[in-house]
Amino acid sequence: MMENDLIARRARLLGPNVPTFYEQPVHITRGAGAYLWGANGQRYLDAYNNVAHVGHCHPRVVRAIADQAATLNTHTRYLHEGILDYGEALVARLDHGLDQLLMTCTGSEANDVALRMAQAATGKRGFIATDNTYHGNTTAVAHLSTRRPPIGGWPDHIRRVPAPDSLAPLGGSLDAQPQAFAASVAQAIAELEASGHGFAGFMLCPIFANEGMPGVASGFLDPTVAVIRAAGGLIISDEVQPGFGRIGSDFWGHDWLGFAPDVVTLGKPMGNGHPVAGVVARPEVMAAFREAFGYFNTFGGNPVSCAAAMAVLQVIDDEGLQQNAAEIGAYLLQGLQSLDHPLIADTRGLGLFAAIELAREGQPASHEAGQIVEAMRNRHVLMGRVGRAQHILKIRPPLVFSRQDVDFLIDQLNASFAVIPA
């Protein structure tokens with residue numbers, strides 16, 4: 001009854017169509033590490049939440065937030081060492097001349113700023129993204145996203161190119177896909193230039209997370225990078241999902257994919273769920289933006305946010321969480337590849353981010369993917385699904401995931417697949 005009461009209150013106070021996870025929403029009251037607890041005391045293994053990057057309610061992050069909040073939290077127009085200390089620690093982990101930081105409160109804000117940076121640096125306003133992506137909630141970045149068309153239709157200064165795909169690769173084969181993707185970007189650039197908007201930049205998640213992490217390899221973007229550089233546009237790497245060591249082999253997704261972005265954007269995993277985010281850019285890009293826009297952000301980079309973000313970096317290092325992502329991610333992928341069911345078309349993973357693509361006779365098995373997610377929830381494991389047809393199971397746990405957690409996850413997946421008809 002309590003959950004029904006909460007659902008009714010949500011509808012009354014928050015309005016219609018406020019999404020929840022699962023057919024039977026979970027009422028969560030507590031979290032620690034890779035686990036969440038429901039109001040009834042039931043423990044759930046969290047294989048979904050990348051926001052709690054170093055684990056739910058990590059005591060060092062909690063302490064850093066509380067200590068700083070008890071000392072000072074104020075406007076970013078005052079001088080404070082926290083943002084400078086954090087900025088130095090962060091940019092030391094980036095190459096490619098990315099050494100100036102602007103902090104915001106959300107990844108949506110960060111991506112919005114990144115778009116304006118590209119406009120300021122190029123003097124143009126046209127952007128390209130894939131046709132199966134998500135980059136946030138502001139009006140500008142919502143135009144890049146593909147969940148629902150904006151009122152009045154898609155704006156003329158945006159082009160969305162076909163996303164890479166495992167079941168139906170661009171160009172007809174996985175080998176042809178990199179060049180086919182680049183050809184689509186080149187065509188979009190030509191359209192933007194002909195329209196008078198011009199081409200300012202291309203925004204992507206370097207592991208194509210919302211596209212279903214479609215199994216591209218390092219070097220995939222090389223032909224596209226050549227096209228973008230020839231056109232004078234900027235490359236914006238949205239690292240909200242792959243960044244901060246999640247993929248194990250590299251601290252950043254763009255280094256794994258093998259390209260040098262002009263701008264990198266960061267989101268809530270940066271502060272383990274505290275609302276802090278940021279943009280890192282090359283100095284000439286930052287200078288162009290600062291000169292073109294009278295930008296300030298009252299609380300982006302406030303002392304408490306900086307303390308949270310710094311604690312996350314320290315925990316990643318001190319607890320070896322990037323290495324854990326590499327080792328446990330490999331163990332996870334091995335376990336996932338041991339699953340045997342006719343609907344499993346492909347299984348892939350990068351560190352602690354894995355995907356199982358489901359298909360029936362070559363077509364996305366969306367309904368069955370939904371059944372698996374619901375069955376796992378009933379077996380006390382939280383996970384989700386992505387992909388154009390929502391047919392790809394997504395496993396994206398906190399970086400403190402353990403071998404025992406993987407074993408439990410695989411056991412529950414085996415049991416869940418066992419009741420799905422072939």
Side-chain angles (χ1 to χ4, degrees), residues 1-53 55-57 105-108 132-138 141-142 145-150 209-213 240-241 267-269 271-275 277 353-356 358 364-398 401 405 408-409 412-413 416 419-420:
M1 289 297 293
M2 184 179 295
E3 282 75 16
N4 290 337
D5 290 344
L6 287 176
I7 292 168
R9 288 175 67 194
R10 282 170 61 96
R12 184 178 76 250
L13 293 169
L14 305 183
N17 295 323
V18 180
T20 57
F21 293 127
Y22 312 113
E23 293 173 359
Q24 265 189 289
V26 183
H27 179 192
I28 297 298
T29 59
R30 183 166 67 91
Y35 290 89
L36 293 166
W37 281 263
N40 61 357
Q42 176 62 56
R43 188 178 77 164
Y44 294 87
L45 178 63
D46 186 358
Y48 183 91
N49 283 291
N50 69 312
V51 173
H53 192 68
H56 292 281
C57 303
C105 299
T106 69
S108 295
N132 186 27
T133 192
Y134 174 76
H135 292 291
N137 286 316
T138 73
V141 295
S145 303
T146 51
R147 293 187 173 181
R148 295 195 180 183
N210 285 296
E211 292 87 341
M213 207 171 69
V240 172
Q241 296 195 66
K268 285 178 285 293
N272 211 45
H274 180 85
F353 201 134
I356 306 173
L358 304 187
S366 308
H367 175 69
E368 291 87 346
Q371 288 181 301
I372 294 291
V373 168
E374 295 296 335
M376 291 294 282
R377 173 253 185 264
N378 294 331
R379 292 180 174 277
H380 312 132
V381 179
L382 306 179
M383 53 187 288
R385 54 181 174 143
V386 289
R388 195 186 305 278
Q390 293 289 291
H391 65 295
I392 301 169
L393 302 177
K394 177 175 65 175
I395 299 164
R396 188 190 53 181
F401 224 55
D405 296 333
F408 181 72
L409 172 70
Q412 304 315 310
L413 276 170
S416 297
V419 298
I420 300 297

Taking all non-hydrogen atoms of both residues into account, name the closest pair between [X] and [Y] and its distance.
{"X": "A355", "Y": "G212", "answer": "CB-O, 3.9 Å"}
{"X": "A209", "Y": "V386", "answer": "O-CG2, 4.1 Å"}
{"X": "N272", "Y": "C57", "answer": "ND2-N, 4.4 Å"}
{"X": "G387", "Y": "N132", "answer": "C-ND2, 3.8 Å"}
{"X": "F401", "Y": "A34", "answer": "CD1-CB, 4.0 Å"}
{"X": "S108", "Y": "G136", "answer": "OG-CA, 3.1 Å"}

Would you say [X] and [Y] make side-chain contact, with heavy atoms under 4.5 Å?
{"X": "P397", "Y": "D405", "result": "no"}
{"X": "N378", "Y": "Q24", "result": "yes"}
{"X": "Q241", "Y": "N210", "result": "yes"}
{"X": "H27", "Y": "L6", "result": "yes"}
{"X": "H135", "Y": "T133", "result": "yes"}
{"X": "L358", "Y": "I392", "result": "no"}

With rounding to the nearest 0.5 angstrom, report the [atom1] to [atom2] distance, [X] to [Y].
{"X": "L382", "Y": "M376", "atom1": "CG", "atom2": "CE", "value": "9.0 Å"}
{"X": "L413", "Y": "M383", "atom1": "CG", "atom2": "CE", "value": "5.5 Å"}
{"X": "S145", "Y": "N137", "atom1": "OG", "atom2": "CG", "value": "8.0 Å"}
{"X": "E23", "Y": "E374", "atom1": "CD", "atom2": "CD", "value": "4.0 Å"}
{"X": "L45", "Y": "Q412", "atom1": "CG", "atom2": "CD", "value": "9.0 Å"}
{"X": "Y44", "Y": "I28", "atom1": "OH", "atom2": "CD1", "value": "6.5 Å"}

Does atom CZ (F408) have a neighbourhood of more than 12 heavy atoms from anything else shown, all under 6.0 Å?
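Yes, because the 6.0 Å sphere around CZ of F408 holds more than 12 heavy atoms from other groups.
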Is NZ or CZ of R377 both nearer than 6.0 Å to the six-membered ring centre of F21 and within 45° of the ring axis?
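Ring-cation test returns no.
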Go through the steps to decide whether L36 and H56 satisfy the test side chain to side chain contact (heavy atoms under 4.5 Å, CB included), and finish with yes or no.
CA-CA 8 Å; L36 293 166; H56 292 281; 3.6 Å; yes
What residues, two or more places apart in sequence or in another chain, satisfy side-chain contact (heavy atoms from CB on, under 4.5 Å) together with P364?
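Once residues adjacent in sequence are excluded, the partners of P364 under the side-chain contact (heavy atoms from CB on, under 4.5 Å) criterion are L167, S366, A389, H391.
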How would you list, by chain and number, every residue that makes a side-chain contact (heavy atoms from CB on, under 4.5 Å) with V18, sequence neighbours excluded?
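Expected list: R10, L14.
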Ignoring hydrogens and angles, tell me if any N or O in the side chain of [X] forms a donor-acceptor pair with the backbone of [Y] under 3.5 Å.
{"X": "R396", "Y": "F353", "value": "no"}
{"X": "N49", "Y": "P398", "value": "no"}
{"X": "D46", "Y": "Y48", "value": "yes"}

Please enumerate all residues that pass ring-ring contact (aromatic ring centres under 6.0 Å, His included) together with Y35, with sequence neighbours excluded.
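Checked Y35 against ring-ring contact (aromatic ring centres under 6.0 Å, His included); zero matches.
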Is there a side chain to side chain contact (heavy atoms under 4.5 Å, CB included) between H380 and Q42 once you walk through the steps?
CA-CA 8 Å; H380 312 132; Q42 176 62 56; 3.3 Å; yes
